[in-house]
Number of protein chains: 2
Amino acid sequence: MKPPTSLAAPLLDIPALRNSCSSCSMRQLCLPMGLEQSDMQRLDGIIGRSRVSRDDTLYRIGDKFNFLFAVRAGQFKTYQVSPDGAQQITGFQMAGELLGMDAIGTGTHQCDAVALENSEVCKIPFVRLEELFATIPALLRHFHRMMSKEITREQSVILLLGNMGAEQRLAAFLVNVSSRYEARGYSGTHFKLRMTREDIGNYLSLTIESISRLLTKLKKDGMINVSNREIEIIDLSALKMLATGSNVCG
Amino acid sequence: MKPPTSLAAPLLDIPALRNSCSSCSMRQLCLPMGLEQSDMQRLDGIIGRSRVSRDDTLYRIGDKFNFLFAVRAGQFKTYQVSPDGAQQITGFQMAGELLGMDAIGTGTHQCDAVALENSEVCKIPFVRLEELFATIPALLRHFHRMMSKEITREQSVILLLGNMGAEQRLAAFLVNVSSRYEARGYSGTHFKLRMTREDIGNYLSLTIESISRLLTKLKKDGMINVSNREIEIIDLSALKMLATGSNVCG
DNA sequence: CGCTGTGTTGACTACTGTCAACAAGGGTGG
DNA sequence: CCACCCTTGTTGACAGTAGTCAACACAGCG
């Protein structure tokens, strides 16, 4: 509901953050995955790093597309805005994930990207990345994999919105977040959500009241513990069962 | 509800269809867009053409990914299958559109693709396409645009499922189909749907009963004429208004 | 000509939304 | 340091949209 903060907020280049990809803990998940040392350095050479404060907008619908962004630390949300002005969150991005791929087709950003907490991003000039593609085939292949996985991810959101009931959606969301924390070396059973109930509800296309009630229900059913944004998953397999269980509507 | 026909149905290579991209009416929309004659011929050199009969499966979830497919004629649907076996159609593909991009990330197809009518596809071996990328930058750039637009397209499906009411969804669907027919040189106001009500309902996450009732309503309201799958759009701008009009839920 | 798949219409149901009141947390300023 | 305020989250009562179930109509096809 609150208007995004001004885009004018500059993205500072921070020399201290000029750590190379090779020293980044996300290099297994991120763009440089599988690159040789020398190629990784060439990639490094075109990448800048910036900080983005909580609630700041990384880019906005209609902005000219010049950079892809990789989340280095923190989390983001991306949302579409429908013609009537309503938002629809299309994804939450964690460290190692790429932002802005939807802008390549038109040269213009197709969604807003907003930081959920104080974050750091790698700023990748797309034209220079394209130059590297010509001489680093492994980079190109992995870039294609990342774009393709973004397509797959969105398909599973479509599946979620199209075929799942409210409880199943929330369970699927929690399981998804859990696995992503785990893939990043954090606990998959005890974590803090970075987004509000409103964001979760918007993403899952449920009201905050429903989110609240359903979290309470999952707690009562002994699957999770909730305290504000602190989540503890008590019975992950039960939660997975719930997320993948039946409940058709389409 | 009916099980897809056997994948064993062979995709026949048809010499008579070996028309080059340069003679294809879809070349402005499809992969070879913007290529010079010589590059288009090189692309042609790796592409095979095949027929796919109505209700036949082009590929299936779990199939090894070797080929991208471009729809040359006819129409397809792609659907995910949720763990409980329910289908969710994620898109309808028309001539000039690419199928299989979601398989690049894993090397395995992530959805089923089924022909809605007797169709023809161009069969593009992905490894050979990757070889061409190295020497035809324009081809690579356009491929990126097509992948990116697939991401954008899915985002708008997410928006549709997440933020729109039933009537708005159907209106948006009709407007979308209309514009795609028009882009292909057909009438945008008078066309025949190639999919059943069940497919439409599945795609929009509505029941066939709702589709039926809503088509009747749009007809009563003087926006369209319907007779079975024959659609005539009487008031396109009103339909667009409806599709983009307010009706929030997320 | 009847059968089967597809589409239409009506009556009833239920899931999730809406509205409203209240509670709790976290920041800010006195 | 504490009080206050505003945002965020919780809970309950009620409502509405779209789903479910069921009967029927129509078309295409053998």
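In this text the structure is predicted, and so the values were computed from the model without any measurement. In the text below, chain A, chain B and the rest are named by the order of the sequence lines, each starting its count at 1.
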Which part of the nucleic acid, if any, lies within reach of B:Ser212 when heavy atoms closer than 4.0 Å are counted: base, sugar-phosphate only, or nothing?
->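 Base: the residue B:Ser212, judged by heavy atoms under 4.0 Å, touches a nucleobase.
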
Would you please classify the geometry between the B:Tyr186 ring and the B:Tyr181 ring as parallel, tilted or perpendicular, with 30° and 60° separating the classes?
->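 Rings of B:Tyr181 and B:Tyr186: perpendicular, over 60°.
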
Output the single nucleotide from [options] whose closest atom is nearest the side chain of [X].
| X | options | value |
| --- | --- | --- |
| B:Leu206 | C:dT9, D:dG9, D:dA18 | D:dA18 |
| B:Ala166 | C:dT9, D:dA18, D:dG9 | D:dA18 |
| B:Arg197 | D:dG19, C:dG7, D:dG9 | C:dG7 |

State, to 0.1 Å, how close A:Met146 and A:Leu29 come at their nearest heavy-atom pair, and which atoms those are.
->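 Closest pair (atom of A:Met146, atom of A:Leu29, distance): CE-O, 4.0 Å.
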
Does any pair with a residue in residues 208-223 of chain A pass salt bridge (Lys or Arg N to Asp or Glu O under 4.0 Å), and if so which ones, sequence neighbours excluded?
->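 Qualifying pairs: A:Glu167-A:Lys217, A:Lys217-A:Asp221.
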
Tell me, which pairs form a salt bridge (Lys or Arg N to Asp or Glu O under 4.0 Å) where one or both residues lie in residues 85-101 of chain A, sequence neighbours left out?
->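 Qualifying pairs: A:Glu97-A:Arg180, A:Glu97-A:Arg184.
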
For [X], all residues meeting side chain to side chain donor-acceptor pair (under 3.5 Å), sequence neighbours excluded:
| X | value |
| --- | --- |
| B:Arg229 | none |
| A:Thr216 | none |
| B:Arg197 | none |

Between [X] ([atom1]) and [N] ([atom2]), how many Å, whole number?
| X | N | atom1 | atom2 | answer |
| --- | --- | --- | --- | --- |
| B:Arg169 | D:dA18 | CZ | P | 7 Å |
| B:Asn202 | D:dA18 | CG | P | 17 Å |
| B:Arg229 | D:dC26 | CZ | P | 18 Å |
| A:Leu170 | D:dT10 | CG | P | 11 Å |
| B:Ile208 | D:dA18 | CD1 | C1' | 14 Å |
| A:Leu215 | D:dT10 | CG | C1' | 11 Å |
| B:Lys217 | C:dT8 | NZ | P | 16 Å |
| B:Glu198 | D:dG19 | CD | P | 13 Å |

Just the table, please: protein N/O against nucleotides 19-28 of chain C N/O, every pair under 3.5 Å.
from, atom 1, to, atom 2, distance (Å)
C:dC19, N4, A:Glu209, OE2, 3.0

What is the bend of the helix from C:dC1-D:dG30 to C:dG30-D:dC1 when you compare the axis at one end with the axis at the other, using five pairs each and rounding to 10°?
->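 The angle, to the nearest 10 degrees, is 40°.
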
Counterpart residues, ring pair (Phe, Tyr, Trp, His ring centres under 6.0 Å), relative to A:Phe65 (two or more places apart) |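 Ring pair (Phe, Tyr, Trp, His ring centres under 6.0 Å) check on A:Phe65 returns A:His109, A:Phe126.
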
Could you pull out all residues at least two apart from B:Arg194 that satisfy salt bridge (charged side-chain N to carboxylate O under 4.0 Å, His left out)?
->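 B:Arg194: salt bridge (charged side-chain N to carboxylate O under 4.0 Å, His left out) contacts with B:Glu117.
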
